Amino acid sequence: MLSMKNILIIFLYYSIVNSQPSSDVYYVRYFESDHNFKADLSMLSTSRRGKSHLSVSYNDKDQPIKIERVSSSGIIEKREMLQYDANGMLKEKGEYTDRWKYLNLTVYGDDEPWSQEYRTWRYKQNEPMTFTDQRTYFTFDDGVQISKIVFQTIDGQKYGQIELDYDYLGNLYEERWRDLPSARVIRRFKYKFEHLYDYVEPHMVVQIWEFGHGGELISNVAVDMAPADQLYKTPPPRSHNTLDEADIIAREIKERRILVPHGGIIPRTEWDELILVNGERLLIDFVDLSDNGLQFRMKQENDILTLPIHRVRSLTTRMGDVIYPKPIHLKRQ
């Protein structure tokens with residue numbers, strides 16, 4: 001059945017990706033290269049002019065919390081922020097634009113909520129794999145919405161992947177869980193957001209369909225979102241990643257007041273469209289785009305196929321978004 005935790009962490013991460021990192025900077029050091037940074041060989045501030053370099057900000061515990069890669073002309077080409085836990089261990093590392101929109105985010109540790117939920121669904125308790133100090137990689141295509149989540153063990157083995165698609169309004173539309181390295185879809189969710197105006201207070205209902213390993217419908221639930229004036233128990237200003245509506249959602253689910261009894265009305269299979277340079281059109285299940293080429297699976301096939309990118313004319317997702325060639329690139333300013 002659809003777990004309450006799965007629903008809640010979705011809304012939790014909507015809050016996380018809209019937060020801005022902040023930490024007090026105590027001093028700044030400059031380094032000529034990554035090698036010098038790792039070797040702790042800094043350079044004078046006057047020596048960085050006209051040279052590409054790293055500008056590293058530290059907190060009061062002498063931990064680097066911001067790394068800016070500056071070009072010879074003084075333009076910041078890449079910005080990274082680092083966060084640590086109470087024991088001083090690296091917890092998060094994110095790359096951002098100048099407007100603090102995520103480009104990517106890495107979360108360290110096996111207590112990361114998405115990875116925990118994935119492992120609970122995928123593995124038995126006596127699974128021989130170890131997930132201590134594992135990493136979770138979040139990819140953001142537009143700087144705000146998570147498009148892909150990859151789970152990797154400390155020894156570099158990628159064991160799972162979650163893909164998220166959105167509709168033209170920016171609402172979550174579909175979520176696919178893949179086993180790696182097989183790339184088989186082992187769990188899938190469909191979402192439908194509806195704004196209802198036939199009440200005194202307009203409100204939103206989220207319908208969620210869950211499908212299992214074989215594409216069978218497992219559960220179907222509708223969550224009645226609280227009106228705006230009842231959403232937050234904590235009055236403004238609110239800080240950190242606090243999401244008060246989680247309690248309201250949990251109560252709705254526990255009371256089971258609006259469970260939908262009928263089955264899903266959404267097609268069980270949808271495909272991405274691949275057009276080759278010779279004009280041939282293929283319906284595929286897109287997995288990833290790497291330096292080696294386009295990785296995908298064909299219908300009723302178990303193996304992952306790789307196609308050199310020079311043979312691809314275009315790739316369009318089941319949501320109508322163009323993956324290749326990418327029409328709009330996020331500016332990394």
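The model shown is predicted, which means the values in this text are computed figures rather than measured ones.
When each of Trp209, Tyr173, Trp177 is paired with Phe189, the side chain to side chain contact (heavy atoms under 4.5 Å, CB included) condition holds for Trp177 and for no other.
With hydrogens and angles left out, the side-chain atoms of Arg187 and Tyr118 include no donor and acceptor closer than 3.5 Å. A donor-acceptor contact closer than 3.5 angstrom links the side chains of Asp62 and Tyr27.
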Which pairs of donor and acceptor atoms, one on a side chain in residues 38-49, lie under 3.5 Å apart (sequence neighbours left out)?
unit_1, atom_1, unit_2, atom_2, d
Asp40, OD1, Arg29, NH1, 2.7
Asp40, OD1, Arg29, NH2, 3.1
Ser42, OG, Arg29, NH2, 3.2
Arg48, NH1, Ser45, O, 2.6

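Using modelled atom types, no side-chain atom of Asn87 and backbone atom of Met89 make a donor-acceptor pair closer than 3.5 Å. Checked by atom type and distance alone, the side chain of His35 never pairs as donor or acceptor with a backbone atom of Ser33 at under 3.5 Å. Judged by distance alone, with hydrogens and angles left aside, the side-chain atoms of Arg119 form a donor-acceptor pair with the main-chain N or O of Asp110 at under 3.5 Å. A donor-acceptor pair is defined here as one N or O able to donate and one able to accept, closer than 3.5 Å; such a pair exists between the side chain of Asp272 and the backbone of Phe286. Side-chain N or O atoms of Gln134 include none that pairs as donor or acceptor with a backbone N or O of Phe151 at under 3.5 Å. Within the 3.5 Å criterion, the main-chain N or O of Ile65 finds no donor-acceptor partner in the side chain of Ser57.
A 6.0 Å sphere centred on NZ of Lys93 holds no more than 12 heavy atoms belonging to other residues, nucleotides or ligands.
In this structure, the salt bridge (charged side-chain N to carboxylate O under 4.0 Å, His left out) partners of Glu273, at least two apart in sequence or on a different chain, are Arg281. In terms of the side chain to side chain donor-acceptor pair (under 3.5 Å) criterion, residue partners of Lys91 (sequence neighbours excluded) are, by chain and number, Asp111.
Between Trp121 and Ile186 there is a side-chain heavy-atom pair separated by less than 4.5 Å. Residues Leu164 and Leu172 are in side-chain contact: their nearest non-hydrogen atoms beyond the backbone lie under 4.5 Å apart. By the 4.5 Å heavy-atom criterion applied to side chains, Met298 and Ile284 are counted as neighbours. Under the 4.5 Å side-chain criterion, counting only non-hydrogen atoms from C-beta, Leu54 is in contact with Asp34. A 4.5 Å side-chain heavy-atom check between Gln83 and Met81 finds every atom pair outside the cut-off. With contacts defined as side-chain heavy-atom distances shorter than 4.5 Å, the pair Leu289/Ile309 qualifies.
For Arg178 and Glu163, the salt-bridge test passes: some basic side-chain N is under 4.0 Å from an acidic carboxylate O.
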*Passes salt bridge (Lys or Arg N to Asp or Glu O under 4.0 Å), Glu112 versus Arg135? Steps please.*
CA-CA 9 Å; Glu112 190 280 313; Arg135 299 181 181 185; over 6 Å; no
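Relative ring orientation between Phe140 and Tyr102 is described as parallel, the plane-to-plane angle staying below 30° on a 0-90° scale split at 30° and 60°.
Distance OG1/Thr136 to CD/Gln152: 10.0 Å, rounded to 0.5 Å.
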